[in-house]
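Atoms considered below: every heavy atom in the structure, side chains included; atoms not considered: hydrogens, waters and symmetry mates. Below, chains carry the letters A, B, ... as their sequence lines are ordered, and counting in each starts from 1.
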Amino acid sequence: MATFPKRPRIDSTVSNPQLCKALRERSDKLKLKMTDISNAAEKVNKVIDKIITSEPTKSHPLFKSMEKLSTGSYYEGVKILRPNEFDIMLKITFESYQKIVPTSIDESGAFYTLAFKQQKPPSMAKYIDDEGNLLAQSILADFRTLVEKILSTLDGSVSLNKRESSSPAVTLTISNKPEAISVDLVLALEIQQWPREASVGMKTDNWLGKRKIQEYKNEPCYMVAKKPSQGTKYNKDTWRISFSNIEKDIMNNHHEKDNTTCQETMCCRKPCLKLMKDLLEKLKHSGTQSINEFISYHAKTALLHICTNYPRDEDWKMTNLDVCFKRYVEFFQEYLKNYDLLNFFIPSHNLFSIDDIPKKSCDNLFEALENQKTNDYPLFQPKVQSAGAMPFPQFYRGYI
DNA sequence: TTATGCTAAAGCGG
DNA sequence: CCGCTTTAGCATAA
């Protein structure tokens, strides 16, 4: 429960026009170019369509129900710099009589076994063990084989990446200039009823509104074939829960409840997330010690929590971008210091501990963020003034 | 299944 | 800064 830092502290902070302008310029630089989007979208969509509609897929007992559910940064409109990474969830649904029951296997509420409650369809026998549990890894393996087979009928511009043992994704590389495009295909089983562990999350009535939250809880959630990080702990095949569908809807409809006229004041929730992703990437490449474990999902989750604390569009005015971003950084630092970043949907699920992130890495990132914040984000600066030439309080001088 | 209309975001010109 | 056009993605209807 003691998740959030104390409220105000920086509410009184006044925007600094120079810093605000500099952040906005950086944010503009992160935008995707329309020509890049067109190129990439055409190629990606073509491949996905091929995979879904090909004969081997359509004749497979399990995969024939596959439908595209585009998720992740690109489709949430927060991808930065170039459209070079796509996340596509391929969802599988079961006939109504084939009820599947998720059972949580640990305290976190992140991992589940999935068992057929009623009859087991004979065509699916190879994916089900003696107790009726669905075998995540064998389904994933067959899916990979299927994709491989379909790609082999193509012109060779698309290749299959090497398998990564803990990843639930089958990753494709599409050749493209100036840069290859990588596409994560994530096979996901659709579950109609949210597990009990998820029923207490998403406490954000003031931001999204009770009605909207209830609508979300009536939507399905998904199970993906991701192993727990200590692989041998559970002998059964396990699944990890995913709310990518809800996350996407929130990101694309993130204004405060009942606000239908949000056009007038542009909010900076998305720009803040883009800047944070950019900053994390830059820190990773700047030699900052062991912070490579942090992923954009941590940044996104932090943003969702902060939006809950600051629910009003008024709290996110574009003209206050610097204040909002500083607030974001400080909340994120608080999560790092407490080693406590909870999954937005499942409060029992601490992202840091589930992903086995060392406390030391959190401390390192805390310090790196502190340094960036107090020096007005030197890593955002356009280009290097060759080393040494510019000692550290760099640009944006002349305020305060 | 396909066609059509809407929206958010990029791009551009004032 | 503001308004206009274009585009991809998506929802809805036919």
Side-chain angles (χ1 to χ4, degrees), chain A residues 15-55 57-59 64-91 93 174 176 178-179 181-186 188 190 208 212 215-216 218-220 222 243-278 300 303 307 313 316-322:
Chain A
S15 173
N16 160 14
Q18 272 122 322
L19 180 57
C20 192
K21 183 159 173 282
L23 290 179
R24 202 191 284 224
E25 280 167 10
R26 182 61 204 163
S27 168
D28 282 342
K29 288 226 172 63
L30 299 175
K31 285 185 188 169
L32 308 185
K33 306 276 171 296
M34 207 147 227
T35 49
D36 294 345
I37 292 175
S38 292
N39 275 330
E42 189 190 346
K43 293 189 176 183
V44 171
N45 291 340
K46 205 174 273 181
V47 174
I48 300 300
D49 190 64
K50 189 77 189 175
I51 290 173
I52 292 179
T53 59
S54 283
E55 193 279 328
T57 303
K58 284 296 167 198
S59 58
K64 66 180 176 193
S65 70
M66 216 159 64
E67 285 178 59
K68 168 172 133 169
L69 203 172
S70 38
T71 58
S73 292
Y74 175 82
Y75 297 98
E76 290 170 353
V78 291
K79 183 73 181 75
I80 58 173
L81 298 169
R82 298 169 306 279
N84 58 347
E85 292 170 351
F86 289 74
D87 298 310
I88 311 280
M89 204 176 237
L90 295 171
K91 59 171 186 166
T93 47
I174 304 178
N176 184 53
E179 186 184 17
I181 299 166
S182 107
V183 182
D184 271 1
L185 303 176
V186 179
E190 189 170 277
L208 301 169
K212 190 78 189 179
E215 279 173 26
Y216 283 147
N218 293 334
E219 291 291 313
Y222 295 89
F243 297 94
S244 295
N245 53 331
I246 313 293
E247 289 162 13
K248 178 180 169 183
D249 197 85
I250 293 176
M251 293 304 290
N252 288 327
N253 301 281
H254 57 256
H255 289 276
E256 71 184 280
K257 58 178 173 178
D258 305 326
N259 185 354
T260 48
T261 57
C262 50
Q263 301 285 28
E264 47 205 66
T265 41
M266 239 264 269
C267 96
C268 67
R269 292 175 179 94
K270 282 186 181 185
C272 278
L273 178 53
K274 291 184 186 180
L275 288 174
M276 183 64 84
K277 288 167 60 154
D278 187 39
K300 180 163 97 174
L303 182 72
C307 285
D313 292 342
W316 298 92
K317 293 207 301 210
M318 196 60 175
T319 48
N320 285 335
L321 178 59
D322 58 325

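The nearest whole Å value for the distance from the OH atom in A:Y75 to the P atom in B:dA9 is 16 Å. Atom CG of A:D36 and atom P of B:dA10 are 12 Å apart (whole Å). Rounded to an integer number of Å, the gap from CG of A:D28 to P of B:dC12 is 13 Å. In this structure, A:L273 atom CG and B:dA8 atom P are separated by 18 Å, rounded to whole Å. Note: CG (A:N253) to P (B:dC6) measures 18 Å, nearest angstrom. With rounding to whole Å, A:M34 atom CE is found 10 Å from B:dA8 atom C1'. Per the geometry, CZ belonging to A:R82 stands 17 Å off C1' belonging to B:dA10, to the nearest Å. Regarding A:H254, its NE2 atom lies at a distance of 10 Å from the C1' atom of B:dA8, rounded to whole Å.
A heavy-atom distance below 4.5 Å is found between the side chains of A:V78 and A:M251. Between A:D184 and A:M89, the closest side-chain pair of non-hydrogen atoms is not below 4.5 Å.
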Pairing string, 5' to 3', for DNA chain B - Watson-Crick or wobble contacts under 3.5 Å, brackets [ ] where pairs cross, | to another strand: ||||||||||||||
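When DNA chain C is scanned 5' to 3' for any atom under 4.0 Å from a heavy atom of chain A, the first and last hits are C:dC1 to C:dC10.
In A:K46, the NZ atom is not crowded: 12 or fewer heavy atoms of neighbouring residues, nucleotides or ligands sit closer than 6.0 Å.
Under a 3.5 Å cut-off, the side chain of A:K212 and the backbone N or O of A:E215 do not form any donor-acceptor pair.
Across all strands, A:N252 comes closer than 4.0 Å to no nucleic acid atom at all (heavy-atom distances). Within the 4.0 angstrom heavy-atom criterion, no nucleotide atom of any strand lies near A:K79.
Evaluated for a side-chain hydrogen bond (donor to acceptor under 3.5 Å, both in side chains) with A:N252, the options A:E247, A:E76, A:K270 yield exactly one hit, A:K270.
Nearest-nucleotide mapping onto DNA chain B: of A:T53 and A:K270, the residue sitting toward the 5' end is A:T53.
Across all their heavy atoms, A:S15 and A:T319 have their closest contact at OG-O, 3.5 Å. Residues A:E179 and A:N84 share a closest heavy-atom pair of OE2-ND2, 3.0 Å.
Between A:D278 and A:K29 there is no salt bridge, since no side-chain N of the basic residue sits under 4.0 Å from a carboxylate O of the acidic one.
Ring geometry, A:Y74 versus A:F86: the interplanar angle falls from 30° to 60°, so the pair is classed tilted.
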